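First up is the structure itself, then whatever we jot down about it.
Below, chain A is the first sequence line, B the second, and so on; all start at residue 1. All values derive from a computational prediction rather than experimental measurement.
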Amino acid sequence: MPRDQAAAFLRALAGANPAPETELLYRDPFTLLVAVVLSAQATDAAVNRCTPALFAAAPTPAAMAALGAEGIGPHIRRIGLWQGKARNVAALAQQLMEQHGGEVPRDRAALEALPGVGRKTANVVLNVAFGEATMAVDTHIFRLGNRTGLAPGKTPREVEDMLVRRCPPELLRDAHHWLILHGRYVCKARAPECWRCVAATQCNYRDKVPAPPR
DNA sequence: ATCCCGAGGG
DNA sequence: CCCTCTGGAT
């Protein structure tokens, strides 16, 4: 595998990508954090449906903590796992108040110590809200990395490290977002559509999938 | 039936 | 590594 395969792959995606969706709607650290917590095992459309009212009611950690799980619940009842998420978001807001001066910490360990926040969510916040050099590896990016030869047979953490190391600096910010969209709409788990993949020339997986329908 | 831009726990 | 949580869309 050529050393710059990942860079070529990412450049191809960057050159042919639509406007970013979900998390770029929330550049503010707190609303971004909450939105990403809510999106676990939920569609981005479902999350984007309920967040406007939620953030209108509680745009800050202080307001969210005051709202509490009982106040948050009704706003998010249409997305899966809402009960646990309501508790997590309330506790998370309270923890921001008590331990971080009402601010979202720009620190991985502190982020991952928040209820409902794992490595993937922390990476999204660090990248999108704070511009840190991180990559958020979700199921799509994990599959894509293992399938394409970018990081075959690697763990999610190894895929993440590879991407952070090989991604051109100017693409680091939000590159994970293009990868996610690519994994969702093109390099899909089933019936991937290699014939419309802009990075197919950098990928050896296309030989394994059917030709385009006619 | 299966998946969703996961996290927490055993 | 496995399992569970859990509503909605396809």
Side-chain angles (χ1 to χ4, degrees), chain A residues 10 13-14 17-27 29 31-54 69 72-93 95-96 104-105 108-129 132 134-148 150-151 153-160 163-164 167 171-193:
Chain A
L10 289 166
L13 291 189
N17 237 272
E21 306 174 343
T22 308
E23 64 251 30
L24 296 190
L25 295 174
Y26 311 98
R27 292 259 180 184
T31 53
L32 172 69
L33 171 61
V34 173
V36 178
V37 168
L38 294 181
S39 33
Q41 291 303 106
T43 61
D44 54 337
V47 173
N48 291 337
R49 226 174 287 134
C50 67
T51 45
L54 175 64
I72 296 169
H75 286 291
I76 63 176
R77 249 176 206 144
R78 311 218 64 179
I79 64 181
L81 311 176
W82 65 270
Q83 299 169 92
K85 288 172 182 175
R87 283 194 299 272
N88 281 344
V89 170
L92 171 159
Q95 193 167 327
L96 292 181
V104 175
R108 171 182 304 286
L111 285 169
E112 291 187 16
L114 298 169
V117 179
R119 188 173 184 91
K120 184 260 178 178
T121 300
N123 278 334
V124 172
V125 172
L126 289 170
N127 182 305
V128 177
E132 300 275 344
T134 65
M135 291 292 254
V137 176
D138 70 334
T139 56
H140 292 303
I141 298 183
F142 176 69
R143 177 185 65 251
L144 198 158
N146 276 275
R147 168 186 284 176
T148 58
L150 292 177
K154 302 295 187 182
T155 66
R157 180 57 190 273
E158 289 169 332
V159 174
E160 176 187 327
L163 287 172
V164 170
C167 184
L171 300 184
L172 245 177
R173 185 161 194 166
D174 303 335
H176 64 86
H177 194 272
W178 299 326
L179 287 167
I180 288 172
L181 295 181
H182 189 66
R184 177 173 178 184
Y185 296 113
V186 181
C187 199
K188 299 180 292 184
R190 280 181 290 187
E193 301 180 9

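- Under the 4.0 Å criterion applied to side-chain N and carboxylate O atoms, A:R119 and A:E160 are assigned as salt-bridge partners.
- In this structure, A:G84 reaches neither bases nor backbone, as no heavy-atom distance under 4.0 Å exists between it and the strands shown.
- Residue contacts shown for A:L81 include a base, since a base heavy atom lies under 4.0 Å away.
- Distance A:L126 CG to B:dC5 P: 22 Å, rounded to the nearest Å.
- Counting only heavy atoms from C-beta outward, the side chains of A:T134 and A:H176 never approach each other to under 4.5 Å.
- Nucleic acid contact for A:V37: none, since no nucleic acid atom lies under 4.0 Å from a heavy atom of the residue.
- In this structure, CZ of A:R143 is placed 11 Å from C1' of B:dC5, rounded to the nearest angstrom.
- Looking at A:R184, its side chain never comes within 3.5 Å of a backbone N or O of A:H140 through a donor-acceptor pair.
- For A:R49, the side-chain atoms get nearest to C:dA9 when compared with the rest of C:dT6, C:dA9, B:dC5.
- The same atom, P, is picked in B:dC3 and in C:dC2; the two are 16 Å apart, to the nearest Å.
- The CG atom of A:D44 sits 12.5 Å away from the CG atom of A:L38 when rounded to the nearest 0.5 Å.
- Residue-level contact check: A:L38 touches neither bases nor backbone, having no heavy atom under 4.0 Å from any strand.
- Comparing A:A189 and A:G116 along DNA chain B, the residue whose closest nucleotide (by nearest heavy atom) sits nearer the 5' end is A:A189.
- Rounded to an integer number of Å, the gap from A:I76 CD1 to B:dC4 P is 21 Å.
- Within 4.0 Å (heavy atoms only), A:A42 reaches at least one base atom of the nucleic acid.
- In this entry the distance linking CG of A:N123 with P of B:dG6 reads 13 Å, nearest Å.
- Out of B:dC5, B:dA7, B:dC4, the shortest distance to the side chain of A:Q41 is found at B:dC4.
- Residue A:T121 has a polar side-chain atom (N or O) positioned under 4.0 Å from OP1 or OP2 of B:dA7.
- Spacing between atom CD1 of A:I141 and atom P of B:dC4 amounts to 13 Å, rounded to whole angstrom units.
- Taking atom P on both B:dC5 and C:dT10, the two are 12 Å apart, rounded to the nearest angstrom.
- Heavy atoms of A:R190 sit under 4.0 angstrom from primed sugar atoms or phosphate atoms, though from no base atom.
- Whole-Å rounding puts the A:N127 CG to B:dC5 C1' distance at 13 Å.
- Here the NE2 atom belonging to A:H75 is positioned 11.0 Å from the OG1 atom belonging to A:T51, to the nearest 0.5 angstrom.
- Looking at heavy atoms from C-beta onward, A:N88 lies out of side-chain contact with A:L92 at the 4.5 angstrom threshold.
- One can place NE2 of A:H176 at 15 Å from C1' of B:dG6, the figure rounded to the nearest angstrom.
- Along DNA chain B, the nucleotide nearest to A:N88 and the one nearest to A:T43 differ in position, and the one closer to the 5' end is contacted by A:T43.
- Atom P of C:dT6 sits at a distance of 16 Å from the matching atom of B:dG10, rounded to the whole Å.
- Using a 4.0 Å cut-off, some side-chain N or O of A:R184 falls inside it from OP1 or OP2 of B:dC5.
- Atom CH2 in A:W82 sits about 11 Å away from atom C1' in C:dT6, given to the nearest Å.
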